[in-house]
Protein chains: 2
Amino acid sequence: MPYTYEFPRPALTVDIVAFALAREQIQVMLVRHDSESLGNPWALPGGWVRVDETLGEAARRELRAGTGLTDVFLEQLYTFGGLEPDGCERVVSVAYYALVNLAGRIVQTRPETGDTAWFPIQEPPEMVLYHDSILSMAYERLRGKVRYQPIGFELLPDKFSLRQLQHVYEVILDRKLDKRNFRKKVLSMEFVVALNEIEKDVAHRAAQFYRFDRRKYERLAKKGFQFEI
Amino acid sequence: MPYTYEFPRPALTVDIVAFALAREQIQVMLVRHDSESLGNPWALPGGWVRVDETLGEAARRELRAGTGLTDVFLEQLYTFGGLEPDGCERVVSVAYYALVNLAGRIVQTRPETGDTAWFPIQEPPEMVLYHDSILSMAYERLRGKVRYQPIGFELLPDKFSLRQLQHVYEVILDRKLDKRNFRKKVLSMEFVVALNEIEKDVAHRAAQFYRFDRRKYERLAKKGFQFEI
DNA sequence: CCTTCTTAGTGTGTATTATACACTATTTCA
DNA sequence: TGAAATAGTGTATAATACACACTAAGAAGG
């Protein structure tokens, strides 16, 4: 027990809310919590912050360790410092949320086996202590932010069709959008660029692929351009 | 040295960016930093988080201790967990920002004396380590948020004229607004209610006073109303 | 090869909202 | 009593958002 301080210090953790799109729904990644005592509930992936890494590094490390996910969009959400019930250690948790492009990876959305699983955001399982409120806040942030920041692209592969993009927005905002108005708006953004490539192996007219040009977007944003869907 | 842990723990602090409106400018409250060694630079008010208080409580306590301010709008901004240069203790800082209604309190905006002072946001003094980036982020948040949330009212007394309100927006957004369009928009919000009271002791036609009815606002917001200026 | 199925892709008119703009009213003070 | 200062008011035009329905292309199956 070598680490000693003059005043008590709360333990510091990161927790990550990883969102992805699968089966027409937003899914969230959960892991089985260690503590067998509490009926083995689900929890957000997370863990202690080491003293030699930044908070963002800790979040990425924990996400990789818990789920194998890497190279994802990651943004700080909020820091939860509520007091624990008597007798528990004081824990302060810095929550992050991640947007994951599953890009066709096979996703098992029901926790039949294994200790990580994706759950539809509409029907999360019972979760460890405050994780349900972290999850709610993260989803609220996603819904709010997706309209004013180009983060919807993060849930899609690099190449995507406008149909896929519209679908992302329809699922997150939970309402149908008009196809013509949506295309008009998106195609007016010059950082959504058409590729010389179309869909393959579809049983209907193949759609054009597009990609999100982050550089162009950032140049425009610097000039005062306001993204909006 | 009674507090001992199995793994090293970063120290946890809160720092508060307190904004107010004075002399036609946004001002930020700073305090003299303890450490005499570094030429006694300025710092955001803040301090250690105690183990028996929430983060918000710590922020309010530190703000009151450092500046005497109480009952202010306070919202979490971001948690800064960057690594310190070698040899320094690892410190994680949860930053908050506050909006203060000075309501005619006399404000000394130049640090001739005393160890707290308000500085115009445009010309902050030299500050301790990362506090300048916390300040920038807070100001950016304020500018972004003021357009979509009714937080401009927090910088004004309970009773205010539409001129004062417009002035708040003009200062924060750094551009002139059209008086008629501004009034039209604000008066269409039923949570800005006229009082039976007008300005006194002014050398011109006296303006009507209004107040922000938070209850009414929240009822509307729940129904989907989107504040916007 | 022709029909059917499925999704891609396209334009216009209307309603709503944002913007630009200038004068009269009221009060104090000299 | 008039000069100075700010309060308070309405309308026309431009820009944006929204509603809406058909043709095009490719695949599959008879």
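Numbered from 1 within each chain, the chains take letters A, B, ... in sequence-line order. What's counted below: heavy atoms across the whole structure, side chains too, no hydrogens, waters or symmetry copies.
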Write out a two-atom table: protein N or O, nucleotide N or O from nucleotides 27-30 of chain D, distance below 3.5 Å.
none

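Protein atom OH of Tyr210(B) is 11 Å distant from nucleotide atom P of dA7(D), rounded to whole Å. Atom pair Arg205(A):CZ and dG26(D):C1' shows a separation of 9 Å (rounding to whole Å applied). Residue Arg147(B) contributes atom CZ, which lies 12 Å from atom C1' of dA18(C) at whole-angstrom precision. Between the CD atom of Glu199(A) and the C1' atom of dG9(C) there is a distance of 13 Å, given to the nearest Å.
Two rings, from Phe225(A) and Phe227(A), have their centers 6.0 Å or more apart. Aromatic pair Phe160(B)/Phe212(B): centroids not less than 6.0 angstrom apart.
Between the side chain of Gln76(B) and the backbone N or O of Val94(B) there is no donor-acceptor pair closer than 3.5 Å. Although no hydrogens or angles enter the test, the distance criterion places a donor-acceptor pair under 3.5 Å between the side chain of His131(A) and the main chain of Leu44(A). For Arg141(A) (side chain) and Leu77(A) (main-chain N/O), a donor-acceptor pair under 3.5 Å exists by modelled atom type.
Residues from residues 175-192 of chain A with heavy atoms under 4.0 angstrom of DNA chain D, sorted by number: Asp178(A), Arg180(A), Asn181(A), Lys184(A). Residues from residues 160-167 of chain A with heavy atoms under 4.0 angstrom of DNA chain C, sorted by number: Arg163(A).
By the 6.0 Å and 45° rule, Arg143(B) stacks over the aromatic ring of Tyr139(B).
Between the CG atom in Leu155(B) and the CD atom in Gln164(B) there is a gap of 11.5 Å [rounded to 0.5 Å].
When every heavy atom of Pro120(B) is checked against every heavy atom of Gln27(B), the shortest pair comes out as N-OE1, 3.1 Å.
For Asp178(B), the CG atom sits in a packed shell: over 12 heavy atoms of surrounding residues, nucleotides or ligands are nearer than 6.0 Å.
Using cut-offs of 30° and 60° on the angle between ring planes, the pair Phe182(B) and Tyr169(B) is tilted.
Salt-bridge annotation for Lys179(A) and Glu170(A): absent, with no side-chain N of the basic residue lying under 4.0 Å from a carboxylate O of the acidic one.
Across all strands shown, Gln208(B) has heavy atoms under 4.0 Å from sugar-phosphate atoms exclusively, and none from any base.
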